[in-house]
Enquirer: 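Sharing a structure with you now.
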Amino acid sequence: MHRSGSGRGDRDDEVDLLIDAWSRRLPGVDLTPLDVMSRLRRVANRLGRLRASAFSGAGLAVWEFDVLAALRRADPPHEFSPAQLIEATMIGSAAMTNRLDNLTRRGLIERRPNPRDGRSVLVRLTGEGATRVDEAMRTLAEREAEELRGLSREEQATLAALLRRLGQDAE
């Protein structure tokens, strides 16, 4: 029977059972990577639901949070050009235009002419946008801390370092 070596006891989790089943069907295939990748996928799915819940409490969709958070992280007056927002959020140009229109209608951002280039605009976070994104971030930080409560600070640091390395290798 497959064991991931988690040190968490003898109880199989869903991934162990999945790997065991595939091992019986494909005995010559090394399924070791599934120990990590299937768990990452499950954690990512759970994180997606957690984030959506944290953001909805502040009246934001995930995509709204992403744009507002990029602006909030910028130095005051918390503004970017649309091109800078596209780069910061990795969203396409057409999608960004649609998102900016929506956020402007909701009063969470404002657009103003770029004083350095009259053909372009700057997107600025409004006070209401800052309040909403700050509330969402506080809630997210609390909920993510709760999710990680079973890991020591040292284990969290080790996991972060390993994930950083895995993410860099993927780029």
Side-chain angles (χ1 to χ4, degrees), residues 4 6-9 11-19 33-80 82 84-111 123-171:
S4 67
S6 67
R8 287 273 201 169
R11 202 172 120 227
D12 282 350
D13 67 4
E14 291 177 36
V15 174
D16 291 324
L17 299 174
L18 175 141
I19 293 171
L34 275 84
D35 255 347
V36 173
M37 295 305 196
S38 292
R39 286 183 176 83
L40 279 176
R41 183 180 56 81
R42 289 167 189 263
V43 170
N45 289 341
R46 192 167 74 218
L47 178 60
R49 291 188 301 273
L50 181 142
R51 286 180 168 230
S53 172
F55 301 157
S56 71
L60 298 174
V62 173
W63 67 264
E64 291 172 317
F65 175 85
D66 291 342
V67 173
L68 297 176
L71 289 167
R72 185 67 168 130
R73 290 188 307 267
D75 290 335
H78 307 293
E79 67 183 11
F80 277 141
Q84 289 171 308
L85 277 172
I86 288 168
E87 185 178 326
T89 60
M90 295 180 287
I91 297 169
S93 179
M96 182 58 73
T97 299
N98 186 27
R99 291 171 184 200
L100 295 179
D101 288 345
N102 184 295
L103 291 167
T104 300
R105 275 194 302 278
R106 293 190 56 204
L108 302 176
I109 63 165
E110 58 190 17
R111 293 174 173 145
V123 178
R124 182 180 289 186
L125 188 63
T126 65
E128 177 65 19
T131 298
R132 297 264 190 109
V133 75
D134 287 357
E135 177 186 343
M137 181 51 83
R138 280 187 197 95
T139 301
L140 177 63
E142 290 169 5
R143 292 186 183 175
E144 287 184 353
E146 181 64 23
E147 283 291 310
L148 293 171
R149 74 188 177 284
L151 300 177
S152 70
R153 290 283 186 178
E154 182 179 291
E155 288 170 324
Q156 289 178 41
T158 299
L159 180 57
L162 291 169
L163 291 171
R164 181 180 299 111
R165 198 165 101 206
L166 185 62
Q168 288 170 344
D169 290 349
E171 295 170 5

Enquirer: Short question: side chain of Thr89, backbone of Asp66 - any donor-acceptor pair under 3.5 Å?
Expert: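 No; zero donor-acceptor contacts below 3.5 Å.
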Enquirer: Does any non-hydrogen side-chain atom of Val123 lie less than 4.5 Å from one of Leu103?
Expert: no
Enquirer: To the closest 0.5 Å, what do you measure between CZ (Arg164) and CG (Leu162)?
Expert: 10.0 Å
Enquirer: Output the distance between atom CE (Met90) and atom CG (Leu85), rounded to the nearest 0.5 Å.
Expert: 13.0 Å
Enquirer: Decide if atom CZ of Arg138 counts as having more than 12 heavy atoms of other residues, nucleotides or ligands within a radius under 6.0 Å.
Expert: no
Enquirer: To check you understand the geometry: which heavy-atom pair defines the closest contact between Thr126 and Gly107, and what is its length?
Expert: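 Between these two residues, the closest heavy atoms are OG1-O, 2.7 Å.
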Enquirer: Donor-acceptor pair, distance only, cut-off 3.5 Å: does the side chain of Arg149 make one with the backbone of Glu146?
Expert: yes
Enquirer: Can you check whether Leu151 reaches Thr158 side chain to side chain, under 4.5 Å on heavy atoms?
Expert: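 No. Closest side-chain heavy atoms not under 4.5 Å.
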Enquirer: If I compare all heavy atoms of Leu108 with all of Leu68, which pair ends up nearest, and what's the gap?
Expert: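 So the minimum-distance heavy-atom pair works out to O-CD2, 3.9 Å.
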Enquirer: With the side chain counted from C-beta on, respond yes when Met137 and Arg72 share a heavy-atom pair under 4.5 Å apart, and no when they do not.
Expert: no
Enquirer: So Leu140 and Leu50, do their side chains get closer than 4.5 Å, heavy atoms only?
Expert: yes
Enquirer: Would a distance-only check, ignoring hydrogens and angles, find a side-chain to backbone donor-acceptor pair under 3.5 Å from Glu110 to Arg124?
Expert: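 No, the answer is negative, given that no donor and acceptor are paired below the 3.5 Å cut-off.
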Enquirer: Which residue pairs pass the side-chain hydrogen bond (donor to acceptor under 3.5 Å, both in side chains) test with at least one member in residues 95-104, sequence neighbours excluded?
Expert: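 Sorted pair list: Asp101-Arg111.
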Enquirer: On a heavy-atom basis, which atom in Ser93 and which in Ile86 lie closest, and how many Å separate them?
Expert: CA-CD1, 3.6 Å
Enquirer: What is the minimum heavy-atom distance between Leu71 and Phe80, and which atoms define it?
Expert: CD2-N, 3.7 Å
Enquirer: Under a 3.5 Å distance rule, please check whether Arg132 uses its side chain to pair with a backbone N or O of Glu128 as donor and acceptor.
Expert: no
Enquirer: Could you report the tightest heavy-atom contact between Ile91 and Met96, atom names first, then the distance?
Expert: CG2-N, 3.8 Å
Enquirer: Please tell me if the side chains of Arg143 and Arg51 come closer than 4.5 Å, counting only heavy atoms from C-beta onward.
Expert: no
Enquirer: Measure across Ala136 and Phe55 and return the closest heavy-atom pair with its distance rounded to 0.1 Å.
Expert: CB-CD2, 3.7 Å
Enquirer: Taking the side chain from Asp16 and the backbone from Asp13, do they hold a donor-acceptor pair closer than 3.5 Å?
Expert: yes
Enquirer: Can you name the residues that form a salt bridge (charged side-chain N to carboxylate O under 4.0 Å, His left out) with Arg49, not counting sequence neighbours?
Expert: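 Here no residue qualifies.
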Enquirer: Applying salt bridge (charged side-chain N to carboxylate O under 4.0 Å, His left out), can you list everything that pairs with Glu155, at least two apart in sequence or on another chain?
Expert: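 Here no residue qualifies.
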Enquirer: Going from CZ on Arg153 to CD on Gln156, what distance comes out if it is rounded to the nearest 0.5 angstrom?
Expert: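 That separation rounds to 6.0 Å.
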Enquirer: How far does CD of Glu64 sit from CD1 of Ile109, to the nearest 0.5 angstrom?
Expert: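 These two atoms lie 10.0 Å from each other.
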